[in-house]
Amino acid sequence: MYNSPRGTTDILPADQAYWRYVEQKAARVCQLFGYQRIDLPIFEDTGLFIKGTGETTDIVQKEMYTFQDLGDNSLTLKPEGTPSVCRAYLEHGMQNLPQPVKLYYFSPIFRYERPQAGRYRQHHQFGIEALGEADAAIDAEVINLAWQFLGSLGIKRFNLFINSIGCPQCRPTYHKALREYYAGHVEKLCADCKVRLERNVLRLLDCKQPGCQAVAAEAPKSIDYLCLECDEHFQKLKNYLGLVGIPFTVNTQLVRGLDYYARTVFEIQPEEEKSQSTLIGGGRYDGLIETIGGKPTPGIGFGCGFERIILNLKKEGIVVAPVPSPQVFIAFLGDNARTEAIKLASSLRNADIGAVVTTSPKSLKAQLRQANNLGIPKAVIIGEDEVKAGVVVLRDMATSQQSTVKPADLPGLLR
RNA sequence: GUGGGUGUAGCCCAGUGGUUAAGGCGUCAGGUUGUGGCCCUGAAGAUCGAGGGUUCAAUCCCCUCCACCCACCCCA
């Protein structure tokens, strides 16, 4: 016996309605905002992530599924979507398209992590990216799209948090201030944070240890150190969000784990926050495309985990429409009827009507039970008498009403 | 990677150091001759997560491993 690999799950027929629902809502909201679908490979050259995602990130340092293929190339199963999209943007000369280029994707994502509720080694993301536009209006649009998406799913309680972490011009000043501040409080920090102080000061801000939180609460805030341009950008973003009526909270301790973020970062959380609860996370990555070999090009986007969305749909008791059943079940009695049943099913399908026939002969009782269990609304019954008369019996499963009809009339009656 | 909890049929679960491991849901089949959903009856389905150990004997005790859940970490 084999099990699915650790941290992976099978998406069974019983759950498909949720997946299709989320996918359809996502595609619809993207269409409403003018974002176009792009599908990308699930593995990429390892270097793309080392450079793009960033060498110091946890993702690159300890979570990638990296392997050599038979041609001795180092490949990596996508640990996130953004670098792939940027690679495709460059590879296909999308700088020459009207800017911004607005894309969305669905992709499995692979990270070697310890599985937990809402955290998997293979999960599925819906993501969008807007490339080639620096104006804060696009930041607001991306956030707006995320907001509308959650709303369209019927999820009621969620909150938006935003922050600005500055740009390469102003961030050094802030980092310096942060380091100086923390230098005075080293003794109060947890072991992890002492390491972070050396490696990635920003991360100190979102440590969950009570001692560290107390220190972080008093720490200098990035928004107080923004350069003129970054500050203006952040003010504009807030204005645009107000314009479309999206409530937000500025969380000055919001930092994201990827190296490439600049200026805007944001997260959407369900109201009752738990440890693996972030529904949507994103931000601006103006340096990324240059890092992977393009001309300096601004970009912003977000990622959204299907599994967590569906967890919340279920938690909020949102009922989704089931994947529709075929319209008709064809029951037969005897070999001659069987022949007719198979031919009839085929011709109904050609007329775009879903039809199911029992594959091995069974009692009529068993066949109707099967129809019932499949949720099929109509049954056609063919016995020897019907074959002789060239008719069939049409039964409505909900009302139990039956009538004798000509096979040729069925498409009209069933459609 | 660290710590804690759990692991009995497809699902939910009872149970015991020793003859055929209980029940519910679901599945399948019957309840007379060609009719589903309710009800009744019956059947199939479990090497009691895996491996090792203790014991005359282990699903139950011990160890290891694996998986899932929870927290840390990280993130979607």
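Throughout, protein chains are lettered first and strands after them, A, B, ... in sequence-line order, and every chain is numbered starting at 1. Please read these numbers as outputs of a predicted model, since none were measured by experiment.
- Evaluation of atom-type donor-acceptor distances gives a pair under 3.5 Å for the side chain of A:Gln402 against the base of B:U35.
- Atoms CG (A:Leu374) and P (B:U27) sit 11 Å apart, rounded to a whole Å.
- As rounded to the nearest Å, B:U8 and B:U16 have C1' atoms that lie 12 Å from one another.
- Atom CG in A:Leu258 sits about 9 Å away from atom C1' in B:C75, given to the nearest Å.
- Between the side chain of A:Arg395 and the base of B:G36, at least one donor-acceptor pair of N or O atoms lies under 3.5 Å.
- Atom name P, nucleotides B:C60 and B:G52: the rounded distance is 13 Å, in whole Å.
- When the P atom is compared between B:U47 and B:A22, the two are found 14 Å apart, to the nearest whole Å.
- Side-chain contact annotation: A:Thr8 with A:Gln122, donor-acceptor N/O pair under 3.5 Å absent.
- With B:C75, B:C70, B:C28 as the candidates, the nucleotide lying closest to the side chain of A:Gln116 is B:C70.
- Using a 4.0 Å cut-off, some side-chain N or O of A:Arg256 falls inside it from OP1 or OP2 of B:A76.
- A salt bridge does not link A:Lys388 with A:Glu384: every distance from a Lys NZ or Arg NE/NH1/NH2 to an Asp or Glu carboxylate oxygen is 4.0 Å or more.
- Distance from the side chain of A:Asp58 is smallest for B:C74 among the nucleotides B:C28, B:C74, B:G34.
- Following rounding to the nearest Å, A:Glu307 (CD) and B:C69 (P) show an atom-to-atom distance of 12 Å.
- In this structure, A:Phe33 places its CZ atom where more than 12 heavy-atom neighbours from other residues, nucleotides or ligands lie under 6.0 Å away.
- Contacts of A:Phe126 with the nucleic acid, taken as non-hydrogen atoms under 4.0 Å apart, are absent.
- We find that CE of A:Met64 is positioned 15 Å from C1' of B:C74, with the value rounded to whole Å.
- Here the C1' atom of nucleotide B:C74 and the CZ atom of A:Arg111 are 9 Å apart, to the nearest Å.
- For A:Arg119, the side-chain atoms get nearest to B:C74 when compared with the rest of B:C74, B:C68, B:C75.
- Within 4.0 Å (heavy atoms only), A:Leu279 reaches sugar-phosphate atoms of the nucleic acid but no base atom.
- The CD atom of A:Gln370 sits 12 Å away from the C1' atom of B:C28 (whole-angstrom rounding).
- For B:U2, its base sits under 3.5 Å from the side chain of A:Arg114 at one donor and acceptor pair at least.
- Here A:Ile109 lies out of heavy-atom contact (under 4.0 Å) with every strand.
- Taking a 6.0 Å sphere around CZ of A:Arg349, one finds it holds more than 12 heavy atoms contributed by other residues, nucleotides or ligands.
- Looking at A:Ser400, its side chain comes within 3.5 Å of the base of B:G37 through a donor and an acceptor atom.
- Helical stems in RNA chain B, defined as runs of 3 or more consecutive Watson-Crick or G-U wobble pairs with donor-acceptor distances under 3.5 Å: B:1-7 with B:66-72, B:10-12 with B:23-25, B:27-31 with B:39-43, B:49-53 with B:61-65.
- For a distance-only test at 3.5 Å, the side chain of A:Lys365 fails to qualify as a donor-acceptor partner of the base of B:G37.
- Here the separation of B:C12 from B:G30, taken at their C1' atoms, is 27 Å to the nearest Å.
- Relative orientation of the A:Phe266 and A:Phe302 rings is perpendicular, given thresholds of 30° and 60° on the angle between their planes.
- Taking only side-chain nitrogens and oxygens, A:Asn3 never comes nearer than 4.0 Å to OP1 or OP2 of B:C66.
- At a cut-off of 3.5 Å, with distance as the only test, a side-chain donor of A:Glu141 or A:Tyr35 sits close to an acceptor on the other residue.
- A:Phe126 and A:Phe106 have tilted rings, their planes meeting at an angle from 30° to 60° on a 0 to 90° scale.
- Along RNA chain B, the nucleotide closest to A:Lys362 and the one closest to A:Thr8 are compared, and the more 5′ of them pairs with A:Lys362.
- A salt bridge links A:Arg256 to A:Glu267: one of the charged nitrogens lies within less than 4.0 Å of a carboxylate oxygen.
- In the interface, the side chain of A:Asn372 is paired with the base of B:G36 through a donor and an acceptor atom under 3.5 Å apart.
- For the pair A:Asp10 CG and B:G10 P, the interatomic distance rounds to 15 Å; values are reported in whole Å.
- Of the candidate nucleotides B:G36, B:C69, B:C74, B:C74 has the atom lying nearest to any side-chain atom of A:Glu113.
- Under a 4.0 Å N-O distance rule, the pair A:Lys51/A:Asp45 does not qualify as a salt bridge.
- Across B:G45 and B:C28, the matching C1' atoms stand 11 Å from one another, rounded to whole Å.
- Mapping A:Ile381 and A:Arg6 onto RNA chain B by nearest heavy atom places A:Ile381 at the nucleotide closer to the 5' end.
- The existence of a salt bridge linking A:Arg119 and A:Glu113 is confirmed by a sub-4.0 Å separation between a basic side-chain nitrogen and an acidic carboxylate oxygen.
- Here the separation of B:G24 from B:G53, taken at their P atoms, is 38 Å to the nearest Å.
- You'll find that the side chain of A:Pro115 is closest to B:C68, out of B:C28, B:C74, B:C68.
- Rounded to a whole angstrom, the distance from the P atom of B:U6 to that of B:G49 is 14 Å.
- Within 4.0 Å of A:Gly7, counting heavy atoms only, lie sugar-phosphate atoms of the nucleic acid but no base atom.
- Within 4.0 Å (heavy atoms only), A:Gly127 reaches no atom of the nucleic acid at all.
- For B:C75, the base has a donor-acceptor partner in the side chain of A:Arg308 [N/O atoms by modelled type, under 3.5 angstrom].
- For a distance-only test at 3.5 Å, the side chain of A:Glu386 qualifies as a donor-acceptor partner of the base of B:G34.
- Rounded to a whole Å, the CG atom of A:Leu368 is 13 Å from the P atom of B:G30.
- Residue contacts shown for A:Ala379 are absent, as no nucleic acid heavy atom lies under 4.0 Å away.
- Across all strands shown, A:Asn373 has heavy atoms under 4.0 Å from sugar-phosphate atoms exclusively, and none from any base.
- Residues A:Glu129 and A:Tyr285 have side chains that bring a donor and an acceptor to within less than 3.5 angstrom of each other.
- Atom P of B:A46 sits at a distance of 12 Å from the matching atom of B:A21, rounded to the whole Å.
- Closest approach to the A:Ala117 side chain among B:C70, B:A67, B:A76 is made by B:C70 (side chain taken as heavy atoms from C-beta onward).
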